[in-house]
A.B. asks: 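The structure under discussion is supplied below as structure tokens; questions concerning it will follow.
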Amino acid sequence: PTITTCPSAQTVNVGGACTAIMPNIVSQAAATDACGGPTITQSPVAGATIALGTTIATITATDVNGNQSTCQVTVNATDVTAPAITCGPPHTISRSGTCDTLVPDLTGEASATDNCDSSPTITQSPTAGTLITTDTVVTLTATDNSPAANHSSCTVQLTLVDTTDPVITSCAPPVTVQLDGSCSSVIPDLTSGVAATDNCGIANVTQIPTAGSQITADTIVTLIAHDTSGNTATCQTQVSVTDTVAPTIDLCPATQTLS
């Protein structure tokens, strides 16, 4: 027989077991013979299981007298299935003394499976050791070893927290205030006299009692340095009161005459 049409190369996708099903390519072949229409078969047969990669299928045309002609068809079984990846839990990370931190290596907490690759490669972005200053989402990607490099991803949330208290390097100095005519005075604003540092920055300084509070005796004022995360440090200073107002004599005795 003469094979007038040999099927073109075929591409099939492998399934979950990393195998594919041989397609029926006989219908795409054509052959003629002087003694009548030949029978066309294929090997492997349609429906046979084939492995990942290239399989050569043989088309055979057989006439009524047993004479045969063959041609070959390339069948490519390809992997287009991405790995399945599972990420680890979210992380809460303390900020360093410079208010930043390094991205940890999260690849060891992720797991991945694939239909053809027993050990998909797991990578992450940002990479381990990257310096970050804000909450960050890390993407982990599992990639198989197929020519297509099939891949899938999951994410892990990194939350940065500042647990470092401010450091007060200098407290406000003691002050003395004058008692007024009603024998009282008010606490001045002492916050500007405080010097403080923090790894992430000082938000503000407050005081207790607050500026303007009325006092009648020596008072201890507590000054509080607050950072941007709510951590605090305190120091104390003395507000002393003094009375320099001389008494007023309301009634002075009249001049006396002695005999």
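What's counted below: heavy atoms across the whole structure, side chains too, no hydrogens, waters or symmetry copies.
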A.B. asks: Going by distance alone, is a donor N or O of one side chain under 3.5 Å from an acceptor N or O of the other, for Ser153 and Thr139?
C.D. replies: no
A.B. asks: Can a side-chain donor-acceptor contact be found between Asn231 and Ser229 if the only test is distance below 3.5 angstrom?
C.D. replies: no
A.B. asks: Looking only at atom types and distance, does a side-chain atom of Thr219 sit under 3.5 Å from a main-chain N or O of Ala217, one as donor and one as acceptor?
C.D. replies: yes
A.B. asks: Does Val138 share a hydrophobic cluster with Ile132, counting links as ILVMFWY side-chain heavy atoms below 4.5 Å and allowing steps through other members?
C.D. replies: yes
A.B. asks: Run the numbers on Thr206 and Leu223 for side chain to side chain contact (heavy atoms under 4.5 Å, CB included), then give the verdict.
C.D. replies: CA-CA 6 Å; Thr206 60; Leu223 293 120; over 6 Å; no
A.B. asks: Any side-chain to backbone donor/acceptor pair from Thr4 onto Ala30? Under 3.5 Å, distance only.
C.D. replies: yes
A.B. asks: Please check if Val26 and Ile21 belong to a single hydrophobic cluster, counting links between Ile, Leu, Val, Met, Phe, Trp and Tyr side chain heavy atoms closer than 4.5 Å.
C.D. replies: no
A.B. asks: Give me the atom names and distance for the closest heavy-atom approach of Thr191 to Val205.
C.D. replies: CG2-O, 3.3 Å
A.B. asks: Does any non-hydrogen side-chain atom of Thr197 lie less than 4.5 Å from one of Ile202?
C.D. replies: no
A.B. asks: Would a single hydrophobic cluster contain both Ile224 and Ile187, if residues Ile, Leu, Val, Met, Phe, Trp and Tyr are joined by side-chain heavy-atom contacts under 4.5 Å?
C.D. replies: no
A.B. asks: Side chains of Asn76 and Thr78: is there a donor and an acceptor less than 3.5 Å apart?
C.D. replies: no
A.B. asks: With the 4.5 Å side-chain cut-off for hydrophobic clustering, are Ile93 and Leu140 part of the same group?
C.D. replies: yes
A.B. asks: Say whether, by atom type as modelled, one donor and one acceptor occur between the side chain of Thr159 and the main chain of Asp135 under 3.5 angstrom.
C.D. replies: no
A.B. asks: For residues Pro120 and Ala142, report the shortest heavy-atom separation together with the two atoms involved.
C.D. replies: CB-CB, 4.4 Å
A.B. asks: Please find the pair of heavy atoms, one from Cys35 and one from Asn65, that lie closest to each other, and give the distance.
C.D. replies: SG-ND2, 4.0 Å
A.B. asks: Check whether the side chains of Thr60 and Gln68 place a donor and an acceptor atom closer than 3.5 Å, and report yes or no.
C.D. replies: no
A.B. asks: Residues two or more places apart in sequence or in another chain: which of them pass side-chain hydrogen bond (donor to acceptor under 3.5 Å, both in side chains) with Thr136?
C.D. replies: none
A.B. asks: Where do Gln42 and Pro23 come nearest, in terms of heavy atoms and distance?
C.D. replies: NE2-O, 3.0 Å
A.B. asks: Which heavy atom in Gln238 sits nearest to a heavy atom in Ser240, and how many Å separate them?
C.D. replies: CG-OG, 3.4 Å
A.B. asks: Any donor-acceptor pair under 3.5 Å linking the side-chain atoms of Asp100 with those of Thr133?
C.D. replies: no
A.B. asks: Sequence neighbours left out, cut at 3.5 Å: what donor-acceptor pairs do the side chains of residues 102-112 make with other protein atoms?
C.D. replies:
from, atom 1, to, atom 2, distance (Å)
Asp105, OD1, Thr107, N, 3.0
Asp105, OD1, Thr107, OG1, 2.6
Glu109, OE1, His91, NE2, 2.9
Glu109, OE2, His91, NE2, 3.2

A.B. asks: Partners of Asn199 by side-chain hydrogen bond (donor to acceptor under 3.5 Å, both in side chains), sequence neighbours excluded?
C.D. replies: Asp162
A.B. asks: Hey, quick one: are Ile50 and Val14 part of the same hydrophobic cluster, counting side-chain heavy atoms closer than 4.5 Å, chains of contacts allowed?
C.D. replies: no
A.B. asks: Do Gln178 and Thr244 have side-chain N/O donor and acceptor atoms under 3.5 Å apart?
C.D. replies: yes
A.B. asks: Of all the heavy-atom pairs spanning Val73 and Ala9, show the shortest one and how long it is.
C.D. replies: CG1-CA, 4.2 Å
